[in-house]
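First up is the structure itself, then whatever we jot down about it.
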2 protein chains.
Amino acid sequence: MGRKRTKSGKIRLAEVAELAGVSPITASRFFRNPEALSVAKRTRVESAARELGYVPNLAARALASQRTEVIGVLIPSLTNNVFSDVLRGIYDASEGSRYSIQLSNTRYSILQEEKLLRLFLAQKPAGLIVTGIDQTAESRAMLEAADCPIVQIMEIGPKPVDMMIGFSHYDAARAAIAHLFDQGRRRIGFVGARMDPRVQRRLDGYVAAMKEAGLYDPRLIVTTATPTSVTLGGALFADLIARESDIDAVFCANDDLALGVLFECRRREIAVPEQIAIVGFNDLEFMASSVPTLTSVRTNRYEMGSTAATMLIEAIEGRRPEQPVLDLGFTVIERQSSQTPRPAAGPRTDQWSSVAQNDSVTNDP
Amino acid sequence: MGRKRTKSGKIRLAEVAELAGVSPITASRFFRNPEALSVAKRTRVESAARELGYVPNLAARALASQRTEVIGVLIPSLTNNVFSDVLRGIYDASEGSRYSIQLSNTRYSILQEEKLLRLFLAQKPAGLIVTGIDQTAESRAMLEAADCPIVQIMEIGPKPVDMMIGFSHYDAARAAIAHLFDQGRRRIGFVGARMDPRVQRRLDGYVAAMKEAGLYDPRLIVTTATPTSVTLGGALFADLIARESDIDAVFCANDDLALGVLFECRRREIAVPEQIAIVGFNDLEFMASSVPTLTSVRTNRYEMGSTAATMLIEAIEGRRPEQPVLDLGFTVIERQSSQTPRPAAGPRTDQWSSVAQNDSVTNDP
DNA sequence: AGGAACGTTGACAGCGCTACCAGCAAAGAC
DNA sequence: GTCTTTGCTGGTAGCGCTGTCAACGTTCCT
């Protein structure tokens, strides 16, 4: 009677089948589609597996079935807080499912992304989550040829490869600027770092809004390719204010920059929001508790990740969503840093809970 | 002559071997140990592989060789900035190697860690990186029985399972308190959140230092099991100051809390550092550019990750480090928030670069 | 010159699992 | 009662690669 036990002493499916008194293929089915078994065999296999402490060999399964249960995730940064929220959503949603996450970092390089994509695709992933819509032509072709579901996350745009979930960075920036216009601000600066495609589209939204209002002035824009940081926010603002001392607001491409601008204002004794209003982007946690509290554009990062993973798993299992492109929208969270003072602002009380946000403008598409 | 091309049209090792005019096993060797081939065959296989665009099938390799090229990583949080730095180090160091990273989130639960560990070990990983030294007895037993190298990261302690890389949280906290003593502070509060084992050891260090100085007072300690945040830092500090209005310094278990304390001080018009000194932990980027700049204990997170991955890979390949336990130390970065004012602090200049740190106390073991 | 030692190569036999298809019994259709 | 349909089960034949061991040619030693 053939080989028993492998040399490593590992329990194989065959052992489980033997103990349960069924054929190996029946035991195999139990793990993939229990409903296909009669109740009697199902319970027999189940208890046999439990008794032996059987754990399936994923490599053998992948080899035999010609597909893996791996979801590939390509993100541009591991450091950026924005992506850690998205990732948390992805991991949370995939937990409990049979799928495991394979993460790679493109470091904001679409060439690196192409290389990683080639690597991923060769392992026949069950599904793929990629960041953004700006792939190389080669990457695009590979994605379209891939025979697995794909979700593009972080933004929405035309021509999705497959599924898409995100929001319009362009519209979000316009909404932020509109809010500043509402507050009577006219000379609104733009501070941006890294200038990846999504930041670029925020800049586009800013430019469009300013042009429409007849207030566009390229000298109000300060950007750099350097990775973002709080310190950099201060430095860029210093450049801006040195050149354009008449600005009355700054729209920052992200919250780190906004915090840096706030600190720089404090350092220079520029009153926020009286002299200069500040608006950030992403609504990280600290924005609600700084002094003054900082206005920001809230984005649904965790939901983006968890929904992307959920949609992807559904699609892998054959249930394609009726709505393959999902706009998660954004919300302008209006806080102290962008209020135009109506009466004189009296001295602050010692009420720390006064950091609560004011009313807000939501964009739920 | 036997099967050609699999139905999916994938290039297999056999095709490469055929084109190169060698046996499949020789081609296989080329990918695993090129030095074993004669130069002639080596170049033939290499060009054949390139020409066909061959990509090895990892599942088949894993099945045949009975081992995977996967490094399992268990961390307690995906949100915490601290871990994103560590992760970046791990990913950077593993890039270019043959090993891929399999990441899982224990959410600070040692039971969850045990479950994940069981899952990981069943897939015979090439190596394992686990966080901390506080595993369940069961986990500990599994780790000790595992036949792969293991690195424990984030802290050092007695009885490493295998390799270990980190620093002493206890000593780091003591160094921070010693610095505050140097600055003449006596009533030093402790603010901590989440209270995972490493934060607990920082608290232990604080308690020991205070006791030795005869200044220990349990009412100076405010902690919570809630996950950390900037807002929470403010709230905890509010609790502390409401109860103990005579404190002259606060040691925060992390930088988010420290920033929250700073904002809360500003809200209450408490002068930092004149009335209250603030010291954080980890030295996140923003600590250097806040107003005032914030003192913190710098930890070598990126290096911890990259060194752990490098050591692990070396060990996997049979080159065990002569030094299996590595203390990466820490540095107290002294900034404005903990200086005792000697002369009166004059008005600030508009020099943004004045955020530069002062001198610092390094602990390089 | 004979033999050992070395470096290089290849044949064979799986690794543990699942796709495919056939078989069989029970249930339903006419 | 016969024929089809359905539900469940099992046999066979790999998936693509590598471990093991034997065989080969070459070089070096005595």
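Sequence lines set the chain letters: A, B, ... in the order given, protein chains first and strands last, and positions in each chain run from 1.
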Please check: side-chain N/O of B:Glu144 versus main-chain N/O of B:Ala141, any donor-acceptor pairing under 3.5 Å?
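Answer holds: no.
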
By nearest nucleotide on DNA chain C, pick out whichever of B:Glu35 and B:Ala60 is the more 5' one.
B:Glu35

Assuming nearest nucleotide by heavy-atom distance, tell me which of B:Leu63 and B:Ser38 is located more 5' along DNA chain C.
B:Ser38

Select one nucleotide: of [options], the one nearest the side-chain heavy atoms of [X].
X: B:Ile25; options: C:dG10, D:dG10, C:dT9; answer: C:dG10
X: B:Thr26; options: C:dT9, D:dT9, D:dG14; answer: C:dT9
X: B:Asn57; options: D:dG16, D:dT18, C:dC20; answer: D:dG16

Under 4.0 angstrom, heavy atoms only, what part of the nucleic acid is A:Ala36 near: base, sugar-phosphate, or nothing?
sugar-phosphate

If you look at every strand shown and take non-hydrogen atoms under 4.0 Å, does B:Arg42 touch a base, only sugar-phosphate, or nothing?
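Touches nothing.
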
Would you please confirm or rule out a distance under 4.0 Å between OP1 or OP2 of [N] and any side-chain N or O of [X]?
X: B:Gln66; N: D:dC17; value: no
X: A:Ser65; N: C:dT18; value: no
X: A:Tyr54; N: C:dC17; value: yes
X: B:Ser23; N: C:dT9; value: no

So A:Tyr54 and A:Phe31, would you call those rings parallel, tilted or perpendicular, with 30° and 60° as cut-offs?
tilted

Rounded distance in Å - [atom1] ([X]) to [atom2] ([N]):
X: A:Arg32; N: C:dT18; atom1: CZ; atom2: C1'; value: 5 Å
X: A:Arg29; N: C:dC20; atom1: CZ; atom2: P; value: 13 Å
X: A:Arg98; N: C:dT18; atom1: CZ; atom2: P; value: 9 Å
X: B:Phe30; N: C:dT8; atom1: CZ; atom2: C1'; value: 16 Å
X: A:Glu18; N: D:dG10; atom1: CD; atom2: P; value: 13 Å
X: B:Glu69; N: D:dC17; atom1: CD; atom2: C1'; value: 12 Å
X: A:Lys41; N: D:dT9; atom1: NZ; atom2: C1'; value: 6 Å
X: B:Arg67; N: D:dT18; atom1: CZ; atom2: C1'; value: 9 Å

Salt bridge check, B:Arg42 against B:Glu46: does any charged N sit closer than 4.0 Å to a carboxylate O?
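No, no charged N to carboxylate O under 4.0 Å.
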
Quick test of your reading of the model: are A:Arg67 and A:Asp147 salt-bridged, counting only N-O distances below 4.0 Å?
no

Can you tell if the side chain of B:Arg320 reaches within under 4.5 Å of the side chain of B:Pro149, non-hydrogen atoms only?
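Side chain of B:Arg320 against side chain of B:Pro149, heavy atoms only: contact under 4.5 Å found.
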
